[in-house]
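What follows is a set of notes on a single structure, which appears directly below.
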Amino acid sequence: MIPAGCELDILRRLAEMPFLDRLELVTLCRRSRSAVYGSMERLVERGMVQAIPHASELNSPTRRYCLTGAGLERLADLERVTPEELLATRPVSARWRRALLERLDAVAVIHRVAAALPHAQRGLEFRWYRSGAIDAGIILPGGRALAVVRMGNAADRTAFAKRLWRLSQEARPDAVLLLAPDEVRLRQVSRMLDSLPLLGFLALECDATAQAAGGESRIWRAPASPVPLDLQEVLEQVPYGGELPETGPARQEAVPADLRLDLSDDESVPPHLLPVLLKRSEKRVLDLLHDWPWLTTAHLEQFLGVNPTRVCQVTARLKSLGLVAPVKAEGTRCLALSDRGLGVLARRDRSAVGAARQRWSAAPVDPGAPLDWRNVHGSRSRQLLRNLDHTQAVHWFLGALSDQSRSRGCELAQIAPPRRATRFFRRDGRLHSVRPDAFGVLQREGMELPFFLEWERRAVRPGTMAARIAPYLRYYAGSRPLDDHGVIPRVLVVFDDDLAASHFLRVAAREIRKAGVKVPLWVSHRAALERLGPLGAAWLRPGFFQPECAF
């Protein structure tokens, strides 16, 4: 028989934190690995706990566990309460299970943060929030209250800023642990915190996932300090006296049925089970198509660094599940997320599904008519399709850069689409912006080399060329490039022909000299890049006459 104490610890933790894996349970239950592993096997055999597979870009393949109906009854018996009381006080109902499965990739990251807390082995209280400003709350031994807030890849910057503002107006926790998907958005969130009465500590989601139990990794940052901290140092700065928001009134809840995972790969699969059934490579493709609608399979091969057969296998399954739609637009075969795919990513990152579809839906307004930009539901997808030649030129450049980086021992660590590449800043009392076609970070020999990309097709007159360089003159006149990225990014401008590139170089040199602002500008044209590649000596700088490498 399973020792009653070990059984009770496991069942309690899985009732409080569904979908923990065994390593997280070892830390949170304060038991040895052999005890937890052995107990878990017997609980599964007795039908009290169910295992589900899970993997994501940040999480290695593992098995996560949740209570079955029999497990809920056993826990209710051990705690001497009714199953209805458990359903009212723990996130174990059918409705809760559906919500947590939809967010399973985020749930895995937040579980890892909780397990890494130094106080985890002495016991902590954990709360999930289905709605509201925060994702989860943690009450440490002694009463200090921490809120965990995650900014997902599909999250809108404005909507996320409103979430933080709402948190500052609710019952305020002692500190907020914020997770961001990349360095740029981490810095943006840091600036959001500056204007709010919240004590916050920030970390990259990939670092928080990789940290070990005990939290010794120095991955956390305070907005006012450049020195990274580990979780023990973070907790030393957290005061007492805060509180977490209320979870809402109890309501009648249903006991969840056991999960059925032996499902066929078609559109009949319930959407909340897709985060369980999808593999890491398939989730990566969904994120790429969310960022870069209207990708061709050739460009997708370059982004992923795999052969055509592998791309065909991954996309075929995503199509059969109804997550990706193959489309033919203006004679070009492309891939785009379906409305079902958009919904999966929006729910994962707690974004509004309706807003995502309104902006990014590739569904035709009239299914019987040819697909062109006038016949697309999503406002932003429509704009990208209207300028499909330009859209695919940007895809070609980033795909070629990905390909050449791998062959030269570099890595294109990050690429951001226009909506996330835009930078807002204030100058002379006014709000300005730079709106490039893409932003990226190339990693080479331990260095990070960020860049903005502008693919120009319309700047053919001197006045238009001067207008194109003007936002960058304002941006680089202050400290914002360094504040935003930690290092000054390059500005890469590409033209379709060498004549326009030569004219732009002269105009840019004149405007830079007139403004007295140093802009790290590099200019090229498509023929040179096709011949030498983005990492080759295909670039010219204002005032220099010999082609050079931009990186």
NZ/NE/NH1/NH2 to OD/OE distance under 4.0 Å, [X] and [Y]:
X: Arg150; Y: Asp349; answer: yes
X: Asp498; Y: Arg526; answer: no
X: Arg221; Y: Glu183; answer: yes
X: Asp287; Y: Arg284; answer: no

Min side-chain heavy-atom separation [X]-[Y] under 4.5 Å:
X: Asp496; Y: Trp455; value: yes
X: Leu289; Y: Val324; value: yes
X: Leu300; Y: Thr315; value: yes
X: Met151; Y: Pro181; value: yes
X: Phe425; Y: Leu431; value: no
X: Leu274; Y: Leu321; value: yes
X: Phe160; Y: Arg185; value: no
X: Val494; Y: Leu453; value: yes

Inset, instruction - Name all residues meeting the salt bridge (charged side-chain N to carboxylate O under 4.0 Å, His left out) criterion together with Arg340; count only those two or more places apart in sequence or in a different chain, and write none if there are none. - result: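 If we apply the salt bridge (charged side-chain N to carboxylate O under 4.0 Å, His left out) test to Arg340, skipping adjacent residues, there are no hits.
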Inset, instruction - Taking salt bridge (charged side-chain N to carboxylate O under 4.0 Å, His left out) as the test, write out the residues that go with Arg357, two or more places apart. - result: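 Applying salt bridge (charged side-chain N to carboxylate O under 4.0 Å, His left out) to Arg357 gives none.
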Run the ring pair (Phe, Tyr, Trp, His ring centres under 6.0 Å) test against [X] and tell me which residues pass, sequence neighbours left out.
X: Phe504; answer: Phe495
X: His299; answer: none
X: Trp294; answer: none

Inset, instruction - Just grab all the ring-ring contact (aromatic ring centres under 6.0 Å, His included) pairs involving residues 529-551, residues at least two apart or on different chains. - result: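 ring-ring contact (aromatic ring centres under 6.0 Å, His included) check on residues 529-551 returns Phe451-Phe551.
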Legend entry - Distance-only donor-acceptor check, side chains Arg457 and His390, under 3.5 Å: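 No, no side-chain donor-acceptor pair sits under 3.5 Å.
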Just by distance, do the side chain of [X] and the backbone of [Y] share a donor-acceptor pair under 3.5 Å?
X: Ser361; Y: His377; value: no
X: Arg423; Y: Ala421; value: yes
X: Arg280; Y: Ser56; value: yes
X: Thr391; Y: Leu384; value: yes
X: Lys162; Y: Ala133; value: no
X: Arg359; Y: Gly378; value: no
X: Asn375; Y: Val365; value: yes
X: Arg348; Y: Asp105; value: no
X: Arg480; Y: Ala477; value: no
X: Thr422; Y: Pro418; value: yes

Inset, instruction - Report the C-alpha separation of Ile469 and Val491 in whole Å, then their side-chain angles, then the decisive distance to 0.1 Å, and conclude whether the side-chain contact (heavy atoms from CB on, under 4.5 Å) test is met. - result: CA-CA 10 Å; Ile469 193 66; Val491 180; 5.8 Å; no
Inset, instruction - Using the test side-chain hydrogen bond (donor to acceptor under 3.5 Å, both in side chains), find all partners of Glu282 that sit at least two apart in sequence or belong to another chain. - result: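 Applying side-chain hydrogen bond (donor to acceptor under 3.5 Å, both in side chains) to Glu282 gives Arg317.
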Identify the two heavy atoms, one from [X] and one from [Y], that lie closest to each other, and give their separation to 0.1 Å.
X: Val276; Y: Pro53; value: CG1-O, 3.2 Å
X: Leu371; Y: Ala362; value: CD1-O, 4.4 Å
X: Pro471; Y: Ser433; value: CB-O, 3.6 Å

Within the supplied structure, the quantity of interest is the number of heavy atoms (other residues, nucleotides, ligands) at a distance under 6.0 Å from [X] [atom1]; does it exceed 12?
X: Arg406; atom1: CZ; answer: yes
X: Arg333; atom1: CZ; answer: no
X: Glu530; atom1: CD; answer: yes

Any pair with a residue in [range] that passes salt bridge (Lys or Arg N to Asp or Glu O under 4.0 Å), sequence neighbours left out, goes on the list, sorted by first then second residue, please.
range: residues 292-301; answer: none
range: residues 373-388; answer: Asp372-Arg374
range: residues 436-445; answer: none
range: residues 533-546; answer: Arg541-Glu548

What's the separation between atom [atom1] in [X] and atom [atom2] in [Y], rounded to the nearest 0.5 Å?
X: Ser402; Y: Leu412; atom1: OG; atom2: CG; result: 4.5 Å
X: Gln443; Y: Leu449; atom1: CD; atom2: CG; result: 9.0 Å
X: Arg63; Y: Leu20; atom1: CZ; atom2: CG; result: 14.5 Å
X: Gln414; Y: Glu448; atom1: CD; atom2: CD; result: 8.5 Å
X: Leu529; Y: Ser524; atom1: CG; atom2: OG; result: 3.5 Å
X: Asn153; Y: Leu288; atom1: CG; atom2: CG; result: 9.5 Å

Legend entry - Test of ring centre spacing under 6.0 Å for Tyr65 and Phe19: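 So the answer is no for these two rings.
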Inset, instruction - Walk me through it: do His432 and Arg427 pass the test side chain to side chain donor-acceptor pair (under 3.5 Å)? - result: CA-CA 7 Å; His432 297 278; Arg427 183 159 179 80; over 6 Å; no
Inset, instruction - Tell me, please, whether Trp360 has Arg419 positioned over its six-membered ring: NZ or CZ under 6.0 Å from the ring centre and within 45 degrees of its axis? - result: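 Yes, Arg419 lies over the aromatic ring of Trp360.
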Inset, instruction - Please work out whether the ring planes of Phe439 and Phe452 are parallel, tilted or perpendicular, with thresholds of 30° and 60°. - result: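 Ring orientation, 0 to 90° scale: tilted.
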Inset, instruction - Verify side-chain contact (heavy atoms from CB on, under 4.5 Å) between Leu337 and Leu345, making sure each step is shown before the conclusion. - result: CA-CA 10 Å; Leu337 287 184; Leu345 296 188; 3.8 Å; yes
Legend entry - Residues in side chain to side chain contact (heavy atoms under 4.5 Å, CB included) contact with Asp21, at least two apart in sequence or another chain: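 Counting only residues at least two positions away or on another chain, Asp21 forms a side chain to side chain contact (heavy atoms under 4.5 Å, CB included) with Leu23, Glu24, Thr62, Arg64, Arg112.
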Legend entry - Audit row: Arg191, Asp484, salt bridge (charged side-chain N to carboxylate O under 4.0 Å, His left out) steps and yes/no: CA-CA 10 Å; Arg191 283 196 293 274; Asp484 285 342; 2.9 Å; yes
